[in-house]
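Quick notes on the structure that follows.
Hydrogens, waters and symmetry mates play no part in the numbers below; they use all other heavy atoms, side chains included.
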Amino acid sequence: MSICVGVDIGGTKIAASAVTGGVIVEQALRETPAQAPDDIVQAVGDVVRELQDRLGPERPVEAVGVACAGFIDRAGDVVVFAPNLAWRDEPLRARLEEVTGLPVVLENDANAAAWGEFRFGAARDVEEMVLITLGTGVGGGIVVDGELVRGSHGMGAEVGHMRVVPDGHRCGCGNKGCWEVYASGSALVREAQDLVAGGSPHAGALADASGGDPRAVTGVMVTEVAQAGDPAARELLEDIGRWAGEGLASLAAILDPGLMVIGGGVSAAGDLVLVPARAAFARNLTGRGHREVTPVVLAQLGNDAGMIGAADLASRRV
């Protein structure tokens with residue numbers, strides 16, 4: 001079975017895996033020189049060569065799949081815009097093919113993660129699925145009839161920027177009231193920090209965990225305090241779950257998928273997010289009571305989903 005390398009280029013690290021049949025056989029890691037496009041290209045080349053050296057000539061790499069956060073053009077050649085990296089109309093595929101000497105497939109990171117879950121994870125038994133990733137923002141990937149939905153310009157499935165609250169909180173995209181401003185890890189941290197800053201007795205456990213400094217509050221901290229039983233932290237995660245479920249219900253009205261999958265860092269809270277998400281989804285589903293309720297489940301591949309998905313897309317392209 002062929003071996004392809006999947007590379008996930010994030011704002012702080014470049015993670016790469018040699019993958020065959022959805023199974024990771026080798027992994028490597030680099031820091032991301034986020035503000036230096038030339039250095040990012042070289043770092044990807046270095047990490048691919050490291051994996052090739054480990055695999056040896058008896059296990060050749062056939063292609064490279066690259067997942068990155070940003071808008072990718074329809075042809076899969078150019079990163080039109082990446083919010084956390086210094087890419088603006090960057091011809092990334094050609095540059096990576098030059099530095100690696102291998103065929104390269106370029107894909108949006110959430111699309112790649114959705115494809116990984118569709119092929120080898122939580123959605124491997126359905127033909128239509130939606131993945132949302134609850135992280136710094138809300139990413140999305142959609143598969144319909146066994147194919148990724150990319151849109152006319154390659155910028156489809158940016159579900160985090162559905163506007164759910166008119167004139168709500170300002171989003172990083174420039175608009176107000178986007179879904180990701182309410183359902184993301186950033187939203188969780190914002191609300192937890194406000195709670196600690198307000199000095200409410202309700203925030204006692206979070207204040208203790210952060211040393212009383214609102215700026216020290218993190219999403220992982222909120223999850224840990226919630227898992228220890230703190231009512232305030234649990235309520236914050238329930239709010240994220242509710243927002244997630246309501247947004248998924250809107251997507252179901254358009255797409256009617258066979259499965260809804262929740263991934264990303266916030267999903268590590270498990271049932272603390274999943275249970276309220278399912279409840280809100282069922283409560284807001286169009287035609288409820290007269291239709292089957294689409295299952296809402298947690299992703300299975302974790303942080304490896306993007307690499308596995310990108311590698312599989314590269315394998316299919318080759």
Side-chain angles (χ1 to χ4, degrees), residues 1-34 39-70 72 76 79 82 84-85 92-93 95-124 129 131 133 135-136 139 141 143 148 261 263-265 267-268 298-318:
M1 192 174 290
S2 65
I3 295 178
C4 291
V5 169
V7 182
D8 190 347
I9 303 176
T12 59
K13 68 179 184 300
I14 297 171
S17 295
V19 181
T20 178
V23 177
I24 293 174
V25 295
E26 292 284 352
Q27 288 187 298
L29 194 67
R30 292 286 190 283
E31 291 185 359
T32 304
D39 292 345
I40 295 175
V41 170
Q42 292 304 315
V44 172
D46 289 345
V47 79
V48 170
R49 283 187 290 272
E50 178 182 336
L51 290 173
Q52 288 176 306
D53 289 343
R54 290 195 208 168
L55 293 166
E58 67 278 4
R59 293 188 292 173
V61 173
E62 294 193 359
V64 178
V66 177
C68 57
I72 314 296
V79 181
N84 299 312
L85 298 167
L92 188 61
R93 185 176 69 83
R95 298 194 63 190
L96 291 177
E97 288 186 335
E98 181 179 0
V99 78
T100 63
L102 293 165
V104 171
V105 169
L106 190 61
E107 188 57 81
N108 170 270
D109 59 345
N111 282 353
W115 187 254
E117 291 289 343
F118 172 71
R119 289 276 287 138
F120 306 105
R124 58 187 176 274
M129 60 88 73
L131 168 78
T133 56
T136 302
V143 177
L148 275 170
V261 182
S267 69
L298 292 177
Q300 294 180 355
L301 301 181
N303 292 332
D304 295 331
M307 291 181 288
I308 291 173
D312 189 64
L313 288 166
S315 177
R316 290 164 63 87
R317 189 74 58 86
V318 171

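- Enclosure of atom CZ in Arg54 by more than 12 non-hydrogen atoms of other residues, nucleotides or ligands within 6.0 angstrom is indicated.
- Heavy atoms only, all atoms of each residue included: Arg49 and Gln42 are closest at NH2-O, 4.3 Å.
- For the pairing with Val66, the side chain to side chain contact (heavy atoms under 4.5 Å, CB included) check across Asp109, Val105, Leu313, Leu96 returns one residue only, Leu96.
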Starting from the C-alpha separation in whole Å, work towards a yes-or-no answer on side chain to side chain contact (heavy atoms under 4.5 Å, CB included) for Arg59 and Glu26.
CA-CA 11 Å; Arg59 293 188 292 173; Glu26 292 284 352; 4.1 Å; yes
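- The shortest non-hydrogen separation linking Ala16 to Leu51 is CB-CD1, 3.8 Å.
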Residue pair Asp8, Ile14: steps toward the side chain to side chain contact (heavy atoms under 4.5 Å, CB included) verdict
CA-CA 6 Å; Asp8 190 347; Ile14 297 171; over 6 Å; no
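- Side-chain N or O atoms of Asn108 include one that pairs as donor or acceptor with a backbone N or O of Gly70 at under 3.5 Å.
- The CD1 atom of Ile3 sits 5.5 Å away from atom OG1 of Thr20, with the distance rounded to the nearest 0.5 Å.
- The minimum heavy-atom distance linking Gly302 with Glu117 is given by the pair N-OE2, 4.2 Å.
- The residues Glu31 and Lys13 are annotated as not salt-bridged, no charged nitrogen and carboxylate oxygen being separated by less than 4.0 angstrom.
- Of all the heavy atoms in Ala82 and Ala69, the pair that sits closest is CB-O, 3.4 Å.
- Glu107 places no side-chain N or O within 3.5 Å of a backbone atom of Ala112 that could act as its donor or acceptor partner.
- Residue Glu62 holds its CD atom at 4.5 Å from OG of Ser2, rounded to the nearest 0.5 Å.
- What you find for Ala314 and Gly65 is that their closest heavy atoms are CB-N, 3.6 Å.
- Within the 4.5 Å cutoff, side-chain heavy atoms of Cys68 are placed close to those of Val79.
- Every side chain to side chain donor-acceptor pair (under 3.5 Å) that Arg95 has, sequence neighbours left out, goes to Asp38, Glu90.
- To the nearest 0.5 angstrom, Ile24 atom CD1 is 4.0 Å from Ile308 atom CD1.
- Of the possible polar contacts, one joining the Thr32 side chain to the Gly10 backbone as a donor-acceptor pair under 3.5 Å is found.
- Under the side chain to side chain donor-acceptor pair (under 3.5 Å) criterion, Thr100 pairs with no residue, sequence neighbours left out.
- Checking Gln300 against Arg124 by side-chain atom types alone, a donor-acceptor pair falls below 3.5 Å.
- Formation of a donor-acceptor pair under 3.5 Å by the Gln27 side chain with backbone atoms of Ser17 is not found in this model.
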Run the side chain to side chain contact (heavy atoms under 4.5 Å, CB included) check on Gln52 and Leu102 step by step: do they pass?
CA-CA 11 Å; Gln52 288 176 306; Leu102 293 165; 3.7 Å; yes
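- Heavy atoms of other residues, nucleotides or ligands lying less than 6.0 angstrom from CG of Asp53 number more than 12.
- Here Trp115 contributes atom CH2 and Arg316 contributes atom CZ; the two are 4.0 Å apart, rounded to the nearest 0.5 Å.
- Contact between Arg30 and Ala43 at its shortest, heavy atoms only, is CG-O, 4.2 Å.
- Separating the CG atom in Asp312 from the SG atom in Cys4 is a distance of 8.5 Å, to the nearest 0.5 Å.
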Determine, step by step, whether Leu55 and Val25 satisfy the side chain to side chain contact (heavy atoms under 4.5 Å, CB included) criterion, reporting the C-alpha distance in whole Å, the side-chain angles of both residues, the deciding distance to 0.1 Å, and the verdict.
CA-CA 9 Å; Leu55 293 166; Val25 295; 4.1 Å; yes
